[in-house]
There are 2 protein chains.
Amino acid sequence: MGKNLVGNHIRKLRFNHNEMTQQQLADKVGVTRQTIVALEKGNYSPSLELAFRIAHAFGLPLEEVFFYGDDTSH
Amino acid sequence: MGKNLVGNHIRKLRFNHNEMTQQQLADKVGVTRQTIVALEKGNYSPSLELAFRIAHAFGLPLEEVFFYGDDTSH
DNA sequence: AATATATGTAAAGTAAACTTGACACTGAGT
DNA sequence: ACTCAGTGTCAAGTTTACTTTACATATATT
């Protein structure tokens, strides 16, 4: 049902990179925790605006957090 | 309302880079022409998925087409 | 003058992103 | 045994992205 073609490394980044909880990330980017859960699970892809804010929260360019199609590079 | 914080270079790219009409771009990325109009006008920001497809249509990385906040670099 | 192409706009509808509130499970700490 | 932090999930609601249809205007072409 409308297979989501966009993937992300949010969960990995929370642990490896920042040791951040879902709630902390949610607060930092201004959404609810449920939204972070949904994104990590791949239920849907974020708005471009939210994607920018999340990437910014990790101090990374957008395309190092989100990718289109298969994750070939990481 | 709810000022759109994401900008883009779609219109510039259509002319300078590809000589593409709104309709051609719309077809290429699988949306209607009205969506392209709205994006160029900055009425709203696209989904992340659509942003990826548009960047791909221009053969550019996403962040060379879309930017967060002011356009400092171009 | 007529036709075609490219663009702007607007109203009403659908679909998807995101919120709110609530409850369940696990693992660590006391 | 109890509590608490972190996570998963679900249902119902709001907001925003996107569609559909339709009409307007400007420029170029015949």
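Chain letters run A, B, ... following the sequence lines, proteins first and then strands; every chain starts at 1. What you see below is based on every heavy atom in this structure, not just the backbone, and it leaves out hydrogens, waters and symmetry mates.
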Novice: Would you please name every residue forming a side-chain contact (heavy atoms from CB on, under 4.5 Å) with Asn43(B), sequence neighbours left out?
Specialist: Ala38(B), Lys41(B)
Novice: Give the C-alpha distance, both sets of side-chain angles, the deciding distance and a yes or no for side-chain contact (heavy atoms from CB on, under 4.5 Å) between Val31(A) and Ile54(A).
Specialist: CA-CA 10 Å; Val31(A) 295; Ile54(A) 291 174; over 6 Å; no
Novice: Grab the OH-P distance between Tyr44(B) and dC18(C) for me, whole Å please.
Specialist: 15 Å
Novice: Nearest whole angstrom, please: distance from the P of dG6(D) to the CD1 of Ile10(A).
Specialist: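 Computing the Ile10(A):CD1 to dG6(D):P distance gives 18 Å.
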Novice: Could you pull out all residues at least two apart from Phe52(B) that satisfy ring-ring contact (aromatic ring centres under 6.0 Å, His included)?
Specialist: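 Result, ring-ring contact (aromatic ring centres under 6.0 Å, His included) vs Phe52(B): Tyr68(A).
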Novice: Does the Gln22(B) side chain pair with the main chain of Val37(B), one donor and one acceptor, at a distance under 3.5 Å?
Specialist: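 A pair under 3.5 Å: no.
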Novice: Can you name the atoms? Protein N/O to nucleotides 25-30 of chain C N/O, anything below 3.5 Å, with the distance.
Specialist:
none

Novice: In whole angstrom, give the distance that lies between atom CG of Asn4(B) and atom P of dT15(D).
Specialist: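 Nearest whole value for this atom pair: 18 Å.
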Novice: Please name all residues satisfying salt bridge (Lys or Arg N to Asp or Glu O under 4.0 Å) with Arg11(B), sequence neighbours left out, ordered by chain then number.
Specialist: Glu40(B)
Novice: For Glu19(B) and dA6(C), what is the distance between atoms CD and P respectively, to the nearest whole Å?
Specialist: 11 Å
Novice: Search all heavy atoms of Ala57(B) against all heavy atoms of Met20(B) and return the closest pair with its distance.
Specialist: O-CE, 4.5 Å
Novice: Applying the ring-ring contact (aromatic ring centres under 6.0 Å, His included) criterion to His9(B), which one of Phe15(B), Phe67(B), Phe58(B) satisfies it?
Specialist: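 In the set Phe15(B), Phe67(B), Phe58(B), the residue that makes a ring-ring contact (aromatic ring centres under 6.0 Å, His included) with His9(B) is Phe67(B).
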Novice: Using modelled atom types only, decide if a donor and an acceptor are shared between the side chain of Glu64(A) and the backbone of Pro61(A) within a distance under 3.5 Å.
Specialist: no
Novice: Going by heavy atoms in the side chains, are Glu49(B) and Arg53(B) under 4.5 Å from each other?
Specialist: yes
Novice: Leu39(B) side chain: which of dC18(D), dA17(D), dT19(C) is closest?
Specialist: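 Of dC18(D), dA17(D), dT19(C), dC18(D) is nearest to the side chain of Leu39(B).
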Novice: Does any non-hydrogen side-chain atom of Ser45(A) lie less than 4.5 Å from one of Phe66(A)?
Specialist: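 Side chain of Phe66(A) against side chain of Ser45(A), heavy atoms only: no contact under 4.5 Å found.
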Novice: May I have the distance from Glu49(B) (atom CD) to dA17(C) (atom P), rounded to whole angstrom?
Specialist: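 My rounded result for the distance is 8 Å.
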Novice: Send over the distance from Leu48(A) CG to dA16(C) P, rounded to a whole Å.
Specialist: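 My rounded result for the distance is 18 Å.
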Novice: So, does Ser47(A) get its side chain near the phosphate of dA17(D), meaning an N or O under 4.0 Å from OP1 or OP2?
Specialist: no
Novice: For the residue pair Ile36(A) and Gln23(A), establish whether any side-chain heavy-atom pair is separated by less than 4.5 Å.
Specialist: no
Novice: Sort me out a list of protein N/O and nucleotides 25-28 of chain D N/O pairs below 3.5 Å, or just none if empty.
Specialist:
none

Novice: Indicate for each nucleotide in nucleotides 7-15 of chain C, in 5' to 3' sequence, whether protein heavy atoms under 4.0 Å reach the base (B), only the sugar-phosphate (S), or nothing (-).
Specialist: BBBB-----
Novice: So does Thr32(A) get a side-chain nitrogen or oxygen closer than 4.0 Å to the phosphate oxygens (OP1/OP2) of dT19(C)?
Specialist: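 Yes, because at least one side-chain N or O of Thr32(A) sits under 4.0 Å from OP1 or OP2 of dT19(C).
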Novice: To the nearest Å, how far apart are Asp27(A) CG and dT19(C) P?
Specialist: 11 Å
Novice: Could you check how far CD1 of Ile54(B) sits from C1' of dC18(D), rounded to whole Å?
Specialist: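 So the two atoms are 12 Å apart, to the nearest Å.
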